[in-house]
Amino acid sequence: MNPAEDYILSKPEPWRTMLIEIQAIIKHTIPEVDEQFKWHLPFYSVHGKMCCFLNFRKTFVDVGFTSGIYIDIHKDHLVGGEKRKNLRSLRYYNPEDIDITILQDVLRSAATLNMKFR
């Protein structure tokens, strides 16, 4: 098993199930994605450039986008902040929060931006 999968499977429920679902959506939406494990988190790269990552916190799961500031769709769902210059994330507090359409739209946008900034 790879370290990214170990990370996901080591989390308590319901977070584990949420991470597995999000991982599957990422791999299905961006077939050319490369799953890696960096900074103790599962990272997903497209054509050698980091695109997004998964991060479990005590009360939520973040799908972080390294160039999220440039994503121009579903901005009302993207979490930013003072300490996050370029990073934006989709944040999920329970399995029902995961809107597959929004997640896929944002993933496609991030992958397209990744190609643009190569």
Side-chain angles (χ1 to χ4, degrees):
M1 200 174 319
N2 70 44
E5 289 183 4
D6 285 341
Y7 172 89
I8 290 169
L9 295 176
S10 71
K11 302 307 170 206
E13 288 294 347
W15 316 112
R16 178 184 323 137
T17 300
M18 292 170 64
L19 289 164
I20 290 169
E21 180 180 357
I22 294 166
Q23 177 191 40
I25 293 168
I26 292 169
K27 290 180 176 184
H28 174 77
T29 304
I30 312 170
E32 66 274 16
V33 77
D34 179 34
E35 183 177 60
Q36 301 167 352
F37 193 72
K38 296 183 178 191
W39 300 290
H40 305 285
L41 298 172
F43 266 85
Y44 299 88
S45 298
V46 178
H47 302 292
K49 190 164 181 184
M50 284 186 213
C51 181
C52 64
F53 62 91
L54 301 179
N55 189 12
F56 163 72
R57 307 297 283 188
K58 290 181 181 179
T59 60
F60 60 86
V61 170
D62 253 351
V63 182
F65 297 92
T66 52
S67 297
I69 193 169
Y70 301 108
I71 295 172
D72 58 1
I73 58 168
H74 302 297
K75 286 187 176 247
D76 53 325
H77 294 279
L78 292 168
V79 178
E82 292 177 17
K83 295 181 181 182
R84 295 177 152 199
K85 292 182 180 177
N86 291 326
L87 181 70
R88 297 293 180 267
S89 64
L90 292 172
R91 189 164 285 173
Y92 303 112
Y93 293 92
N94 59 62
E96 295 78 29
D97 289 345
I98 301 172
D99 185 322
I100 295 171
T101 303
I102 291 172
L103 177 55
Q104 287 181 320
D105 288 348
V106 174
L107 285 167
R108 287 186 194 105
S109 180
T112 301
L113 285 169
N114 215 353
M115 294 292 291
K116 189 185 259 186
F117 294 129
R118 266 175 64 177

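When all heavy atoms of Ala110 and Cys51 are compared, the closest pair comes out as CB-SG, 3.7 Å. The two residues Pro42 and Ile8 have their closest heavy-atom pair at CG-CG1, 4.3 Å. Counting all heavy atoms, side chain and backbone alike, Leu103 lies closest to Ile98 at CD2-CG2, 4.5 Å. Of all non-hydrogen atoms in His77 and Ile102, the two that sit nearest each other are NE2-CD1, 3.3 Å.
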Quick one: side chains of residues 52-60, donor-acceptor pairs under 3.5 Å with protein atoms, not counting sequence neighbours, listed by atom name and distance.
none

Would you be so kind as to tabulate the donor-acceptor pairs closer than 3.5 Å made by side chains of residues 16-24, with sequence neighbours excluded?
residue: Arg16; atom: NE; partner: Leu9; partner atom: O; Å: 3.2
residue: Arg16; atom: NE; partner: Lys11; partner atom: O; Å: 3.0
residue: Arg16; atom: NH1; partner: Glu13; partner atom: OE2; Å: 3.4
residue: Arg16; atom: NH2; partner: Lys11; partner atom: O; Å: 3.0
residue: Thr17; atom: OG1; partner: Glu13; partner atom: OE1; Å: 2.5
residue: Thr17; atom: OG1; partner: Glu13; partner atom: OE2; Å: 3.0
residue: Gln23; atom: NE2; partner: Glu35; partner atom: OE2; Å: 2.6

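Checking Leu90, Thr29, Val46, Val33 one by one against Leu107, the side chain to side chain contact (heavy atoms under 4.5 Å, CB included) holds for a single residue, Thr29.
Applying the ring pair (Phe, Tyr, Trp, His ring centres under 6.0 Å) criterion to Phe65, with sequence neighbours excluded, gives no partner residue. With sequence neighbours left out, the salt bridge (charged side-chain N to carboxylate O under 4.0 Å, His left out) criterion links Glu96 to no other residue.
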Go through the steps to decide whether Arg108 and Ile30 satisfy the test side chain to side chain contact (heavy atoms under 4.5 Å, CB included), and finish with yes or no.
CA-CA 7 Å; Arg108 287 186 194 105; Ile30 312 170; 5.7 Å; no
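Criterion: ILVMFWY side-chain heavy atoms under 4.5 Å apart, direct or through other members. Under it, Val79 and Leu113 are not part of a common hydrophobic cluster. Residues Tyr70 and Leu87 share a hydrophobic cluster, clusters being chains of Ile/Leu/Val/Met/Phe/Trp/Tyr side chains in contact below 4.5 Å. Hydrophobic clustering (side-chain heavy atoms under 4.5 Å, transitive across Ile, Leu, Val, Met, Phe, Trp, Tyr) groups Ile69 together with Ile73.
Sorted by first and then second residue, the ring pair (Phe, Tyr, Trp, His ring centres under 6.0 Å) pairs involving residues 21-41 (not counting sequence neighbours) are Trp39-Phe43. For residues 61-70, every residue pair satisfying the salt bridge (charged side-chain N to carboxylate O under 4.0 Å, His left out) rule, not counting sequence neighbours, is listed here: Asp62-Arg84, Asp62-Arg91.
Within the 3.5 Å criterion, the main-chain N or O of Asp105 finds no donor-acceptor partner in the side chain of Ser109.
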